[in-house]
Structures are given as C-alpha cells and as structure tokens.
Amino acid sequence: MIMKLETEIIESRFSELMNKHFAASSIPRGIHCLSLRLTNEYSSNAHARRQLPSPELLPLVSNNSYHHFILSTDNILAASVVVTSAVESSLEPSMIVFHIITDKKTYAAMHSWFALNLVSPAIVEVKGVHQFDWLTRENVPLLDVVDNHNDIKDYYHGSHITETNLSDTTRKFASKLQVRSPKYISLLNHLRIYLPKLFPDLERVIFLDDDVVIQCDLSPLLEIDLHGKVNGAVETCKGEGEWVMSKRFKNYFNFSHPIIAKHLDPDECAWAYGMNIFDLRAWRKTNIIETYHHWFKENLDSNLTLWKFGTLPPALIAFKGHVHPIDPSWHMLGLGYQSKTDIENVKKAAVIHYNGQLKPWLPIGLEHLRPFWTKYVNYSNDFIRNCHIMDS
C-alpha cells in the first residue's frame, strides 16, 4: 500500500508538470481574440493599414544616430508591453526606433495594433518575415531543417506521455518537457542570429525578447565599449541562485558526448539571451552565422543529443570569444520560474525577464511578479476590453 501511494504521488507530480507544460505552450483565448480582431481591422480599416513608419519618418529607420531596438515575436500583447515600457522609461523617447519582426500569419494584426496605437514620439517599424528578401532557404538552412526533418518534428511535437519514466526525478522530467517547447523550432526564435543580414544599414542595436519589461533608460547600453566584441550580455554564472544566475556550459550541453567533450569546457560561463547589445559592424567580420549553422546541423546529425535546450546552446558556441560581459543590474532573469525572486531587486533592475514557463500573460504566471508587467497594458483599449484581457 505504501509503494502504491508513493507511485500515485509521483504520477500526480508528473501530471502537474504535464499540465503546466501544456498551459505554458498554449495561447490564451484573450490573446488569440486580440489577433483575430486586429487582423479583421487590417482588412476593413484604412487607418490600421497606414504606413509604419509614416513616409516622412522612413529615413530615420536606418539612421544610426538613433537608438535601435529589435524585437522578434508573434505575441501582440507582449510586443506592446516591451515597446511601451521602453518608451515610458526612456529619457529621449524621440530617439527610439523599434524594429518588430513577426511571422506572416500575425503580420496584419501586429501592424494594426501599432498603426492604431502609436507610441509617439518613438518610431515603430513592423515587418513580416515574408518581407525580407534575404530570408531564403539558400541563405537560411534552418528553414529546410525545421520544415522537412521528421526527427525534429517528432522530438518537439511527439507524445510526452509515452516518454514518462517514473524512475525520473521530477526535475529531469520537467527538463524533458521544457526542451520540447514548440518555440525552439520557431524561425522567429532563431532570427536573432541573422540580424547583420536583415538590417544591413544598422551598426549597433539592442535585441529584446518579448517576455521582458524595460524599467529604465537603456540608451547608455549603446555607448558601452564592447572592446571589439560582438555581443554585450549579462553572464549567468556569477550568482548563487540555482535557477537564475548559476548557468555554465555544463548546464546546457551533454558532456558525455565526445564531440562536446572535445570542443567545450563544462565550467565556461554562460550568458543570457533576451537583452543583448549587438555590434553589427563587428559581427559582419566574423563567421558567427556559419558556426551557428554548423553546430545546428551537428546536433541534428547526432540525433539531437548534443544539448538540452533549443536556441541558446548553438549561440553559446557561435559567439564563443565574441561576448563582452555587462553589469548584471542591466538584465534580471528568472521571473518566469523563480517564485522567491527578491521584489526589491526586481524594482532596481533595468530590464526584468520572465524567462521560463510562467509568463505574466498566462494564468499560471506568478501573481506577485505580474504587476511589473501589467502596469504597461492599456486595459482601457477597446480591443483589450472586447477580448476580456483583464487586469488580475
């Protein structure tokens, strides 16, 4: 009877993790409604189709004296929070240019939102991946890999239940679920590796994930001396938190594999994606993109056994030797899984990042951390109200 009860407890924990995984991977009804209503608005309302940016501002989109931010996402509500928080926190909002990249299915809705909700004096450009001539299968091998390789589809979209092993720890099982997040094979998630090609006229940019909130002026980041490096990022091996700031290469790579053991150091410090300063001029002189492609294919040829997570591991290798560490206060991680995050530290951080499953727009988001995000949602907006996206 005791053994039976223990088994039932384990199964219950696994079921809880499974439900959390599906909740984190789902699109909330309100956000889906928002996309549908805005797409309809694009087809029926000329104001929703107005040119972004307006013709007189178009030259500023490639003017390197401005502060350029890049965001790649299909989540309209999240994009709105990122842009709004950046503009409201800026000391010079008139110098901000936001380049938002989205997929073809979301383009009309994303365009509608920013055409109908201008964030003046900042400038917003919305582009769909289908509008970049450079994004072809010849230039981006990942397009073919994601579309045609059955192993990847099976790995990320296969049955999780058949792989349940009661001998796993809950941590190990949670990891198995996490690596199967559909976002890891989304082109939007990999687009950051092509920034120098997608924006050939830009010199220095700040790249942001869609699950961040900006709480102070970020323009000083664009003046940081990267000492010839390509990527300014917060290192994630300096703190004591097991989940938040204690990540080294051994946390991401499979060092029992001979290829990994031969080329990488398990104790090398990892760094954070999600708020990065990229020197695109320096990047164009490197082979970072080619290295990324090489290791992505190497992982494929090794039956996806070289690393545990989707986009950061190949980047850790590709940017090796090209990263300049910046002060941790610029980028605070873990608000999407660390329930014991210190609120006072959250208030002080320049950028807070809800990386992890518990996104603030999901019902499973951490209640005490959600207000830092919801304060930038305009709940009086007609689309927000009509889709019942309510302030919790």
> Given V212 and I352, is the side chain to side chain contact (heavy atoms under 4.5 Å, CB included) satisfied, shown in steps?
Replying inline: CA-CA 6 Å; V212 305; I352 54 175; over 6 Å; no
>> With side chain to side chain contact (heavy atoms under 4.5 Å, CB included) as the criterion, how do T73 and T106 come out once you've worked through the C-alpha distance, each side chain's angles and the decisive distance to 0.1 Å?
In response: CA-CA 9 Å; T73 182; T106 314; over 6 Å; no
>> Could you go through S219 and M95, starting from their C-alpha distance and side-chain angles, then the distance that decides it, and tell me whether this counts as side chain to side chain contact (heavy atoms under 4.5 Å, CB included)?
In response: CA-CA 9 Å; S219 59; M95 296 298 293; over 6 Å; no
>> Quick one, N231 with N276, criterion side-chain hydrogen bond (donor to acceptor under 3.5 Å, both in side chains). Give me CA distance, side-chain angles, the key distance, then yes/no.
In response: CA-CA 6 Å; N231 178 3; N276 304 83; 3.2 Å; yes
> side chain to side chain contact (heavy atoms under 4.5 Å, CB included) between H190 and T311: does it pass, once the steps are laid out?
Replying inline: CA-CA 7 Å; H190 289 278; T311 48; 3.3 Å; yes
>> Could you walk me through whether Y354 and W361 satisfy the ring pair (Phe, Tyr, Trp, His ring centres under 6.0 Å) test, starting with their C-alpha distance in whole Å, then the side-chain angles of each, then the deciding distance to 0.1 Å, before giving a yes or no?
In response: CA-CA 10 Å; Y354 292 84; W361 56 82; 7.9 Å; no
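Contact of the V97 side chain with the H67 side chain is not registered, since no non-hydrogen atoms from C-beta on lie closer than 4.5 Å. Looking at L60 and L57, their side chains come closer than 4.5 Å, going by heavy atoms from C-beta outward. Counting heavy atoms from C-beta on, the side chains of N251 and F253 never come closer than 4.5 Å. The shortest side-chain heavy-atom distance between M275 and D209 does not fall under the 4.5 Å cut-off. Here the side chains of T291 and H294 are not in contact, with every heavy-atom distance at 4.5 Å or above. At a threshold of 4.5 Å between non-hydrogen side-chain atoms, the residues L71 and I101 do not count as touching. Between V351 and V213 there is no side-chain heavy-atom pair separated by less than 4.5 Å. By the 4.5 Å heavy-atom criterion applied to side chains, E235 and K247 are not counted as neighbours.
Checked against a 6.0 Å centroid threshold, the rings of F69 and H99 do not count as neighbours. Proximity of the aromatic rings of F98 and H68 is defined here by a centroid distance below 6.0 angstrom, and this criterion is not met. Taking the ring centroids of W271 and H331, they lie at or beyond the 6.0 Å cut-off.
One N or O on the side chain of R370 and one on the backbone of P360 form a donor-acceptor pair closer than 3.5 Å. Checked by atom type and distance alone, the side chain of T341 pairs as donor or acceptor with a backbone atom of Q338 at under 3.5 Å. Judged by distance alone, the side chain of N287 and the main-chain N or O of E290 form no donor-acceptor pair under 3.5 Å. Distance alone, capped at 3.5 Å, places no donor-acceptor pair between the R281 side chain and the V230 backbone. Side chain of Q131 to backbone of G128: a donor-acceptor contact under 3.5 angstrom is found. Side-chain atoms of R284 come within 3.5 Å of backbone N or O of P196 as a donor-acceptor pair. Using modelled atom types, one side-chain atom of Q215 and one backbone atom of A349 make a donor-acceptor pair closer than 3.5 Å. With H111 contributing its side chain and R50 its backbone, the two residues share a donor-acceptor pair below 3.5 Å. Under a 3.5 Å cut-off, the side chain of S112 and the backbone N or O of A108 do form a donor-acceptor pair.
Between H263 and W295, the ring planes lie perpendicular to each other; the angle is over 60°, past the 30° to 60° tilted range. Using bins of under 30°, 30° to 60° and over 60° for the plane-to-plane angle, the ring pair H227/H324 lands in the tilted bin.
Both L38 and V119 are members of a single hydrophobic cluster when ILVMFWY side chains are connected at heavy-atom separations under 4.5 Å. Under a hydrophobic-cluster definition in which Ile, Leu, Val, Met, Phe, Trp and Tyr are linked whenever side-chain heavy atoms come within less than 4.5 Å, directly or via other members, I288 and L316 are assigned to the same cluster. Hydrophobic clustering of Ile, Leu, Val, Met, Phe, Trp and Tyr side chains at less than 4.5 Å, counting indirect connections, keeps V83 apart from Y66. Hydrophobic clustering (ILVMFWY, side-chain heavy atoms < 4.5 Å, transitive): L218 and V234 are in one cluster. Follow the hydrophobic side-chain contacts under 4.5 Å out from L187 and you reach W134 in the same cluster.
Checked against P53 for a side chain to side chain contact (heavy atoms under 4.5 Å, CB included), the options L118, I123, V126 give a single hit: I123.
Donor-acceptor pairing under 3.5 Å is recorded for the side chains of N378 and S380. In the model, D201 has no side-chain atom that pairs as donor or acceptor with a side-chain atom of S62 under 3.5 Å. Using modelled atom types and a 3.5 Å distance limit, the side chains of T136 and N139 yield a donor-acceptor pair. No hydrogens or angles considered: nothing links the side chains of N355 and D211 as a donor-acceptor pair under 3.5 Å.
Of the inter-residue distances, the one linking E56 atom CD with Q51 atom CD reads 8.5 Å to the nearest 0.5 angstrom. Atoms CD and OG1, on E298 and T305 in that order, are 10.0 Å from each other to the nearest 0.5 Å. Here the CG atom belonging to N345 is positioned 10.5 Å from the OG atom belonging to S329, to the nearest 0.5 angstrom. If you take CD1 on I384 and CD1 on I76, they are separated by 9.5 Å, rounding to the nearest 0.5 Å.
The minimum heavy-atom distance between C216 and A350, with the atom names listed, is SG-CB, 3.3 Å. Nearest heavy atom pair, residue I193 against residue W283, reads O-CZ2, 3.3 Å. Closest of all the heavy-atom pairs between K105 and D74 is NZ-OD2, 3.6 Å. What you find for T39 and A109 is that their closest heavy atoms are OG1-CB, 3.4 Å. Between V129 and L191, the closest heavy-atom pair is CG1-CD1, 3.6 Å.
Stacking of K127 on the aromatic ring of F132 is recorded, both the 6.0 Å distance cut-off and the 45° axial limit being met. Within the cation-pi definition used here (under 6.0 Å to the ring centroid, within 45° of the axis), R192 qualifies as a partner of Y273.
Counting heavy atoms of neighbouring residues, nucleotides and ligands inside a 6.0 Å radius, atom CG of D267 exceeds 12 of them. Crowding of H368 atom NE2: a count of heavy atoms from other residues, nucleotides or ligands under 6.0 Å exceeding 12. Within a 6.0 Å radius of NZ in K297, other residues, nucleotides and ligands contribute 12 heavy atoms or fewer.
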